[in-house]
Amino acid sequence: MAKLSLGSTFSIFHSRHIRPPLAGCHVTKMTVADHHPSLEVVGGARDRFLPSLHTNLRLPYNPFPLIAWNRHVETIFASFFRSIPQVRLRRECLRVKGGGSVALDWISGDHRRLPPDSPVLILLPGLTGGSQDSYVRHMLTKANGKGWRVVVFNSRGCGESPVTTPQFYSASFLGDTYEVVKHVGARYPEANLYAVGWSLGANILVRYLGKESHACPLSGAVSLCNPFNLVIADEDFHKGFNNVYDKALARALCKIFKKHALLFEDMGGEFNIPLAANAKSVRDFDEGLTRVSFGFKSVDDYYSNSSSCDSIKHVKRPLLCIQAENDPIAPSRAIPREDIEENPNCMLIVTPKGGHLGWVAGAEAPLGAPWTDPVVMDFLEYLERGASKTGKFLGDSEAVQRSSGELHHIEV
């Protein structure tokens, strides 16, 4: 269970100076391409984005028989039995502010094979997830097969990323995300940058989009199975079968923690290191370590102030959100539908089934890529076709200097 991870524009413009139709002419009203009724598709950018996705969304969402009949069966099947594409990765260890480190995994050889203006896709896995996970590998190979440069952002301690200070990452902490995006932008200044996040990675990505707002250097992003409201997600985490996921993720967190326990040996104050080291739930781990590390008075205070549902209204870049109605870890009732509908940059797709990080449906089911992958690529390629080649983010001299002096490369 340790694999489970908490992450042609068709717009219609109305002119102010429309001439009356000539006699005998028929005026046909243009309508936006529809979607299959098995899917919920809403959002302020619906009419703008939907036509680019019509190939996939006009077909019914058909979950794979037997596997997808139950959300827990689908979630567990996808975690343990989905194929893991083999790909050679080049690891880059990036030293961030405060002495911490994160690991960036690039596809080996792409720095020579792809032109410098190839679009760059940054992948943010879920809680305890990394470049080793099947859902990350499928997205990575799918995008790379279409000529995209892809990099996996392994947070501190995840995907064997080094931990060099007594601090992990959290849903509240955006510092590493800022530095990774800045560094990648400085390395490929001619390219447009995009990002895809899953689960907790999606929550962090949406918070980053909202925080950066108009200044965001990304040209677009995709959020998948985002818990959105961590207070609601925590409530559901302790109900019924969901306790299995809670315990599995707690074990994964403890495993990462124990590898680096010596760094935390002398932590005093409100830290409860024994509780974190032996956590039976994610909440235990957050109580003993996370909420104290990031300055929150309580776990509920941490969850409330780290939820991405409040960030949607501030997003100023194209954002596609895909959720499963029956997701056991990212509850449907937590989706900020009203804010998504009011934001002209956002669109939401909700599938009737899918579980968490599952979506065992589509042409490659049951062992291949999730149903979401071709939808994500259609969206990103639509954005890239229309992206302006001006006004891209340029890294500052510090980021450029870091990219040439403080990085280490190994093959994984």
Side-chain angles (χ1 to χ4, degrees), residues 1-7 40 42 63 67-80 124-129 135 170-172 197-207 223-254 279-288 290-291 296 298-312 321-340 348-360 370 372:
M1 293 298 291
K3 285 188 178 180
L4 291 172
S5 303
L6 281 195
E40 177 189 354
V42 298
I67 294 170
W69 70 274
N70 177 281
R71 62 181 183 167
H72 301 301
V73 171
E74 184 170 13
T75 298
I76 294 170
F77 177 89
S79 178
F80 284 97
L124 289 78
L127 180 63
T128 75
Y135 64 91
S170 74
S172 66
W198 292 265
S199 199
L200 193 68
N203 186 81
I204 292 170
L205 175 59
V206 172
R207 291 192 67 245
S223 162
L224 298 158
C225 49
N226 189 339
F228 281 115
N229 189 317
L230 301 183
V231 175
I232 292 177
D234 179 60
E235 290 174 0
D236 284 16
F237 224 28
H238 311 295
K239 297 177 181 178
F241 192 86
N242 280 11
N243 281 290
V244 173
Y245 308 130
D246 193 9
K247 287 180 171 59
L249 285 168
R251 284 196 298 271
L253 287 167
C254 290
K280 303 301 181 186
S281 67
V282 173
R283 189 180 179 91
D284 283 350
F285 189 86
D286 290 338
E287 171 59 40
T290 311
R291 67 96 181 167
F296 294 99
S298 66
V299 175
D300 289 330
D301 181 40
Y302 162 52
Y303 291 158
S304 178
N305 286 283
S306 305
S307 297
S308 61
C309 55
D310 297 326
S311 301
I312 288 291
C321 302
I322 308 180
Q323 304 286 124
E325 181 67 33
N326 69 344
D327 192 320
I329 294 174
S332 176
R333 63 193 177 99
I335 300 172
R337 284 178 168 83
E338 185 175 327
D339 285 344
I340 291 174
L348 167 70
I349 300 171
V350 183
T351 59
K353 294 183 187 257
H356 189 70
L357 297 170
W359 285 300
V360 183
T372 50

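Please read all numbers here as calculations on a predicted model, not as lab measurements.
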(request) In plain terms, say whether D286 and R283 are close enough for a salt bridge, that is, a side-chain N and a carboxylate O under 4.0 Å apart. (result) no
(request) Apply side-chain contact (heavy atoms from CB on, under 4.5 Å) to S172 and list each qualifying residue two or more places apart in sequence or on a separate chain. (result) S170, F294, F296, Y302, S306
(message) If you compare all heavy atoms of D327 against all heavy atoms of C225, which two are closest, and at what distance to 0.1 Å?
(response) OD2-CB, 3.4 Å
(request) Return the set of residues passing ring pair (Phe, Tyr, Trp, His ring centres under 6.0 Å) with F228 (not counting sequence neighbours), or none when no residue passes. (result) none
(request) Using atom types as modelled and distance alone, determine if a side-chain donor or acceptor of S307 lies under 3.5 Å from a backbone N or O of L230. (result) yes
(message) Which residues pass the salt bridge (charged side-chain N to carboxylate O under 4.0 Å, His left out) test with D310, not counting sequence neighbours?
(response) none
(request) Give a yes or no on whether a salt bridge exists between R291 and D301, defined as a side-chain N under 4.0 angstrom from a carboxylate O. (result) no
(message) Would you say CD of E235 has more than 12 non-hydrogen atoms from neighbouring residues, nucleotides or ligands within 6.0 angstrom?
(response) yes
(request) Taking all non-hydrogen atoms of both residues into account, name the closest pair between Q323 and W359 and its distance. (result) C-CZ2, 3.7 Å
(request) Could you tell me whether the side chain of N242 and the main chain of P328 form a donor-acceptor pair under 3.5 Å? (result) yes
(request) Identify the residue among V206, L205, N203 that makes a side-chain contact (heavy atoms from CB on, under 4.5 Å) with S223. (result) V206
(request) Return yes if some donor-acceptor pair links the side-chain N/O of T75 with the main-chain N/O of R71 below 3.5 Å, else return no. (result) yes
